[in-house]
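Because the structure is a prediction, the values reported are computed rather than measured.
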Amino acid sequence: MLTAPSLMNAYDITAARDRCRRYRRRILDISQQVTALHIAPAFSCLEITDAIYHGLMRQHADGSYRDVFMMSKGHGCMIQYTVLEDKNILSPKDLDLYCKPGGRLGAHPDCETPGIVASTGSLGHGLGMAAGQAYAEKLKGADTRIYCVLSDGEFQEGSTWEAMLMAANLRLDNLIAFNSLERISERQRAFYPLVPKAEAFGWESAEVDGHDEEAILQAVLGGRGERPLLVVCRTVKGKGISYMENVPIWHYRSPNREEYRQGIKELSEGAA
C-alpha cells in the first residue's frame, strides 16, 4: 500500500514525543478557559493523530495536503485543532476562542473550519464518509489516501460494519482506518479480538500500542495493499495525566486549578 522505506529512518521519535507533550500542554491550557471539554478522548488518540499528520500525510509542493484526514471520533477533535494550529492552518486565536462566543471551534469538528473535511461526532458516520471519499478518489484516478480515526464506541454501530463491507467490496486500498481501542473489550468481550473480525470483513488489519508512533507507522508502511487497512490501536483514555487515565469522568470535564497544576507538573517531568 505504502512504499516509503526511508521514512522510519528519517522519522524523529524524540521530536514526536516532544510535540505530543506540547500538544497535551496546549489542551490543558485551553481547559482552563472553558467549563468542560473532551480532554481524555483527545489524549487517547493523540499519538495516532500526530503520526498521521507528521509521518504519513503527504503534501504538495505548495504545502497543501495531498492526502485527507478525517476525525470520525469527533469528540477527540481537540488534538486535531491543536495540530492544525501547529501547522498554521488554525490560529492561536481560534483555539483561544474554543467554544466561546465569536469563535469558530466547537466541541465537535465542523466542515466549514479550515483543515476539517467533515462534520463528525455522530458515532458511526465517519467511516462511511471516509469510504465514500476514498471511492471518489479512485474513480477520479487520484493518488490520494484517506486516513480515518475512529473511537471504540463506533464499532458498536452497525453503520461502521456496513462501511467496512462496502470498502472491502470496492477494494479501497487507499483507505486506512485507526481504531482508538480503550476498555470496551473488558466489558463487551464478544467485541474482542477485533483484528480477525476486520479480516473476516475483507480488510487487512494489525494491532499495535496506540501510543507508540513507531509501531503505528510500521503497521501502515508494512501493509500488503490491495485491501483497506485497519490499525487497531490499544490506547489509554486520558493518557499522560495519571489521575485521568482510564477514569470515565474525564471524558468531558475541565481540571480545577490544583488538577491543572498537577497535570502540568507531570508533563514537565516527562510522565507523558
Side-chain angles (χ1 to χ4, degrees), residues 1-24 40-58 67-73 76 79-80 82-83 86 127 130 145-152 154-155 164 173-186 191-199 201 203-242 244-246 267 270-272:
M1 182 186 298
L2 303 180
T3 54
S6 63
L7 176 59
M8 294 309 302
N9 291 332
Y11 195 74
D12 189 338
I13 193 62
T14 300
R17 289 169 181 158
D18 289 343
R19 267 196 316 273
C20 290
R21 189 175 296 112
R22 177 163 46 87
Y23 291 159
R24 284 187 169 88
F43 282 9
S44 69
C45 64
L46 196 143
E47 281 79 13
I48 301 169
T49 304
D50 182 74
I52 294 171
Y53 271 105
H54 292 95
L56 295 172
M57 294 264 282
R58 298 169 299 171
D67 299 319
V68 174
F69 176 94
M70 184 178 295
M71 179 64 82
S72 180
K73 179 185 176 179
I79 177 52
Q80 187 179 15
T82 306
V83 172
D86 198 27
L127 189 59
R145 299 167 191 146
I146 313 300
Y147 295 98
C148 181
V149 174
L150 300 105
S151 64
D152 53 5
E154 291 188 83
F155 281 84
M164 290 187 70
D173 60 349
N174 60 335
L175 175 60
I176 304 98
F178 302 80
N179 169 222
S180 180
L181 180 67
E182 294 166 2
R183 300 180 66 182
I184 190 170
S185 61
E186 296 177 14
F191 175 85
Y192 201 78
L194 185 53
V195 168
K197 291 180 176 64
E199 291 176 343
F201 270 65
W203 285 54
E204 183 178 356
S205 188
E207 185 169 339
V208 300
D209 178 346
H211 300 293
D212 183 341
E213 293 201 28
E214 289 181 300
I216 293 168
L217 295 175
Q218 288 282 12
V220 177
L221 297 175
R224 296 186 300 272
E226 299 182 359
R227 293 188 289 167
L229 171 66
L230 173 66
V231 182
V232 178
C233 299
R234 300 184 306 276
T235 57
V236 175
K237 194 159 192 161
K239 174 68 174 177
I241 305 297
S242 61
M244 290 186 187
E245 292 188 354
N246 288 326
L267 292 178

Visitor: Mark yes or no for whether K239, through its side chain, and L46, through its backbone, hold a donor-acceptor pair below 3.5 Å.
Guide: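 Side chain of K239 to backbone of L46: no pair is present.
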Visitor: Locate the shortest heavy-atom distance separating D67 from L56; write the atom from each residue and the value.
Guide: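 Reported closest heavy-atom pair: OD2-O, 3.8 Å.
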Visitor: Using only atom types and a distance under 3.5 Å, with no angle test, would you say the side chain of S44 pairs donor to acceptor with the backbone of V236?
Guide: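 A pair under 3.5 Å: no.
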Visitor: Tell me every residue that passes side chain to side chain donor-acceptor pair (under 3.5 Å) with D209, counting only those two or more places apart in sequence or in another chain.
Guide: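 For D209 there are no side chain to side chain donor-acceptor pair (under 3.5 Å) partners, ignoring immediate neighbours.
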Visitor: With sequence neighbours left out, what residues match R22 under side chain to side chain donor-acceptor pair (under 3.5 Å)?
Guide: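 Partners of R22 under the side chain to side chain donor-acceptor pair (under 3.5 Å) test: D86.
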Visitor: Hey, what do you get for OH (Y192) to CG (D152), rounding to the nearest 0.5 Å?
Guide: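 These two atoms lie 12.0 Å from each other.
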Visitor: To the nearest 0.5 Å, what is the distance between OG (S205) and CG (L194)?
Guide: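 Between S205 OG and L194 CG, I get 6.0 Å after rounding to 0.5 Å.
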Visitor: Determine whether E213 and C20 satisfy the following criterion, side-chain contact (heavy atoms from CB on, under 4.5 Å), listing intermediate values before the conclusion.
Guide: CA-CA 10 Å; E213 293 201 28; C20 290; 3.2 Å; yes
Visitor: To the nearest 0.5 Å, how far apart are CG in D50 and CZ in R17?
Guide: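 One finds 12.0 Å between CG of D50 and CZ of R17.
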Visitor: Is there a side-chain contact (heavy atoms from CB on, under 4.5 Å) between V231 and I48 once you walk through the steps?
Guide: CA-CA 10 Å; V231 182; I48 301 169; over 6 Å; no
Visitor: Are any side-chain N or O atoms of E204 and backbone N or O atoms of R224, one a donor and one an acceptor, separated by less than 3.5 Å?
Guide: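 Between the backbone of R224 and the side chain of E204 there is a qualifying donor-acceptor contact (under 3.5 Å).
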Visitor: Identify, with sequence neighbours excluded, every residue that meets side chain to side chain contact (heavy atoms under 4.5 Å, CB included) alongside A206.
Guide: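 Here the qualifying residues are A219.
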Visitor: Of all residues at least two apart in sequence or in a different chain, which pass the side chain to side chain donor-acceptor pair (under 3.5 Å) check with K197?
Guide: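 In terms of side chain to side chain donor-acceptor pair (under 3.5 Å), with neighbours along the sequence ignored, K197 is linked to no residue.
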Visitor: CD of E47 to NE2 of H54: how many Å apart, nearest 0.5 Å?
Guide: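 Reported value, rounded in 0.5 Å steps: 12.5 Å.
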Visitor: Checking S72 now: which residues fulfil side chain to side chain donor-acceptor pair (under 3.5 Å) with it, not counting sequence neighbours?
Guide: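 In terms of side chain to side chain donor-acceptor pair (under 3.5 Å), with neighbours along the sequence ignored, S72 is linked to E154.
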Visitor: Atom CD1 of I52 and atom CE of M57: how far apart are they, to the nearest 0.5 Å?
Guide: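 Answer rounded to 0.5 Å: 8.0 Å.
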Visitor: Check the pair F155 / L230 against side-chain contact (heavy atoms from CB on, under 4.5 Å), numbers first and verdict last.
Guide: CA-CA 12 Å; F155 281 84; L230 173 66; 4.1 Å; yes
Visitor: With sequence neighbours left out, write down each residue that passes ring-ring contact (aromatic ring centres under 6.0 Å, His included) with Y53, or none if nothing qualifies.
Guide: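 Y53 satisfies ring-ring contact (aromatic ring centres under 6.0 Å, His included) with Y65, F69 only.
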Visitor: Quick one: CG on D212 to CG on L217, what's the gap to the nearest 0.5 Å?
Guide: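 CG of L217 is found 9.0 Å from CG of D212.
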Visitor: Checking side-chain contact (heavy atoms from CB on, under 4.5 Å) for the pair L127/M164: CA distance, chi angles, key distance, verdict?
Guide: CA-CA 8 Å; L127 189 59; M164 290 187 70; 3.5 Å; yes
